[in-house]
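Notes for the one structure printed next.
Both backbone and side-chain heavy atoms feed into the values below; hydrogens, waters and symmetry mates do not.
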Amino acid sequence: MRSDNIKKGVAKTPHRSLLMATGVSKKNMNSPFIGIASSFSDLVPGHIGLRDLERQIEKGIHTGGGQAFIFGVPAVCDGIAMGHDGMRYSLPSRDLIADCVETVANAHQLDGLVLLSNCDKITPGMLIAAARINIPCIIVTAGPMLNGESKCEKLTMIKGAFEAIGKYRDGKITEERLLELEEASCPSAGACQGLYTANTMACLTEVMGMSLPHCATASAVSAEKRRIAFESGMQIVELVRKNKKPLDIITRDSLRNAIIADLGMGGSTNSFLHILAISNAVSTLYPRPTGEGKGEGAIVTLKDFEELSHKIHQFVKLEPSNDITMTEFHQAGGVCAVLKELLKSVPEFKDLEGVTLEKTSKIVKNAYSDKSVIHDYKEPFTTKPGLGILYGNIAPEGSVIKISAVDESCYEFVGTAKTFNSEEEAMKALEDDKIKEGDVIVIRYEGPKGGPGMREMLAPTSLLVGKGLGTKVALITDGRFSGGTRGICVGHICPEAANGGVIALIEDGDKIRIDINKRTLDLIVDEKTLEERRGKLKPFKPNANGFLAKYSRTVSDASHGAIV
């Protein structure tokens, strides 16, 4: 075992003495040492219940014959960090989490890891760490929050809280009703109720085979989740004994499986960033041949998203683009039902082995499926994918749109640019009713380097919908969106403004064309004019210090996963 480096031989007497100080018995000194990387936090609703899951995992590890050690990693709540400078830390925290897990696991020579996660950047950070360390790992995502309810109205964090602001400011609801919605929208521990980033990444983790069946969708406050946590503790000991490692599971095929499922379900646009970053960790740090002996390893790029987006139909449609939440999705069969449908109908979807040590087809053979929620693939909600990549002179290196969250009447949109150099400027214009039908809001200098930190734009997009402008105004940005965003919203524009991208050259009054059918995003301005504007563009200087200044200097663009 790897842990023999800290517990075997006379020279390791001091090491054993220190381990005994933690409570390890002489008998358990010979057991596999399993770390539980826990992102418990009293600050994050999705993580407040993790203390209980830590206990269940620990019980499972000890029942399986291992020795458990719990250690902590940071967790940021994107909802609480939204709309102010705190959001600049959310995406950078993903790589910080990966660094923390790698540091502890390698410094203490752990034999395996259970990665206990839930919310937006924590799960991908854990997956990146698993790929880097490449010791047996299993992920436990804590699960979704219960639906909110007030006066027989089903609520979610987005529709019950964020979009309620726009309704209140537009005079559609009273202040009394706003306060009722505020109190009732988030009724329990767990990740916010729709297929936003946290639940998207939990689902894709299950698709890749890095967590147990039903882990992604079982409620955070359910006995089922506690059982899954216990069984994950048992299973990690088995993975150590079988020496089954993340790079046996996270392959090019499993990453493409995740992309296919993402497109079929219409998940969060943030998944593009995270899958690309996970792919980078796999291929750069541990290059190895593919099945055919070609290439440098299990790598996917933006081209894989683009290729598959022209083939995959959306056959699941959840909140925010529908009223079906994760609770109903779980009851309808969840990820297992999705996998069963993909295996049956999509040739590109591969039958793979995961942490269960069984192939997907065996696990999902008898999966239940409610066809009102999870359609037959051949009878989809739409033949369009849930997500798409747009190119054009504004985004020569790509941009991302959540097609499933756009009304089909808006697939072709031409509007007039109103430019803002920060989210705050755009929010003020919205609050002051300076945005009108036919406008295209341009928010720039919010990319990975320019923000720095690539903030989510949930506040302005929710305000647009709440004010009734969701199908009448578009928003484009080099920043990113929450998985809860809906409307004509294009993000991840590359190159970003801080790198001299065309988005930095847009002026008020310019015409912008968004064509989802053709997958294009263009500024209707001639090249000569753009070159004249480029000559007047001032060099970018980030307004940051400390962690964010370091991040701005080292981060890549969004089309490569915003990796550092």
Begin with the C-alpha distance, continue with both residues' side-chain angles, and end with the deciding distance and a verdict on salt bridge (charged side-chain N to carboxylate O under 4.0 Å, His left out) for Lys121 and Asp95. CA-CA 9 Å; Lys121 308 307 168 295; Asp95 297 84; over 6 Å; no
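- Of the N and O atoms on the side chains of Asp407 and Thr471, not one donor lies less than 3.5 Å from an acceptor on the other residue.
- Contact of the Ile139 side chain with the Leu127 side chain is registered, since non-hydrogen atoms from C-beta on lie closer than 4.5 Å.
- No hydrogens or angles considered: a donor-acceptor pair under 3.5 Å links the side chains of His330 and Glu224.
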Determine, stepwise, if the pair Thr251 / Asp253 fulfils side chain to side chain donor-acceptor pair (under 3.5 Å). CA-CA 5 Å; Thr251 64; Asp253 284 340; 5.1 Å; no
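- Ion pairing between a basic and an acidic side chain is recognised when a charged N comes within 4.0 Å of a carboxylate O; Glu306 and Lys303 show no such pairing.
- Remark: of the listed residues Lys359, Lys362, Lys244, Lys244 is the sole one forming a salt bridge (charged side-chain N to carboxylate O under 4.0 Å, His left out) with Glu353.
- A donor and an acceptor atom, one from each side chain of Glu319 and Tyr196, are located under 3.5 Å apart.
- In this structure, the side chains of Leu342 and Phe315 come closer than 4.5 Å at one or more pairs of heavy atoms.
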Might you work through the side chain to side chain donor-acceptor pair (under 3.5 Å) test for Ser283 and Arg252, ending with a clear yes or no? CA-CA 9 Å; Ser283 60; Arg252 173 172 170 76; over 6 Å; no
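- Salt-bridge formation is not detected for the pair Glu163/Lys467: no Lys NZ or Arg NE/NH1/NH2 atom is positioned less than 4.0 Å from an Asp or Glu carboxylate oxygen.
- The environment of Lys365 atom NZ is sparse: at most 12 non-hydrogen atoms of other residues, nucleotides or ligands sit within 6.0 angstrom.
- Looking at Ser271 and Asp262, their side chains do bring a donor and an acceptor atom within 3.5 Å of each other.
- Inspection of the Thr485 and Thr461 side chains reveals an N or O donor paired with an N or O acceptor under 3.5 Å.
- Residue Asp78 holds its CG atom at 8.5 Å from CE of Met157, rounded to the nearest 0.5 Å.
- In this structure, His375 and Phe381 have parallel ring planes: the angle between them is below the 30° cut-off, well short of the 60° mark.
- Remark: the Ser39 side chain and the His47 side chain contain an N/O donor-acceptor pair separated by less than 3.5 Å.
- Between His492 and Phe272, the ring center distance fails the sub-6.0 Å criterion.
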Worked verdict on Glu348 versus Arg256 for salt bridge (charged side-chain N to carboxylate O under 4.0 Å, His left out): CA-CA 8 Å; Glu348 290 87 354; Arg256 280 175 64 90; 6.0 Å; no
Would you check, one step at a time, whether the test salt bridge (charged side-chain N to carboxylate O under 4.0 Å, His left out) holds for Asp557 with Lys449? CA-CA 8 Å; Asp557 57 51; Lys449 178 179 179 179; over 6 Å; no
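- Just one of Glu423, Glu456, Glu496 meets the salt bridge (charged side-chain N to carboxylate O under 4.0 Å, His left out) condition when paired with Arg480; it is Glu456.
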For Arg94 and Asp120, run salt bridge (charged side-chain N to carboxylate O under 4.0 Å, His left out): C-alpha distance rounded to whole Å, both residues' side-chain angles, the deciding distance at 0.1 Å, then the answer. CA-CA 9 Å; Arg94 180 192 69 186; Asp120 297 22; over 6 Å; no
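- Remark: His274 NE2 to Leu91 CG distance equals 6.5 Å, nearest 0.5 Å.
- Not one N or O on the side chain of Asn147 forms a donor-acceptor pair closer than 3.5 Å with the backbone of Lys154.
- Defined by atom type and a distance below 3.5 Å, a donor-acceptor pair is present between the side-chain atoms of Glu328 and Thr325.
- Contact of the Leu458 side chain with the Phe162 side chain is registered, since non-hydrogen atoms from C-beta on lie closer than 4.5 Å.
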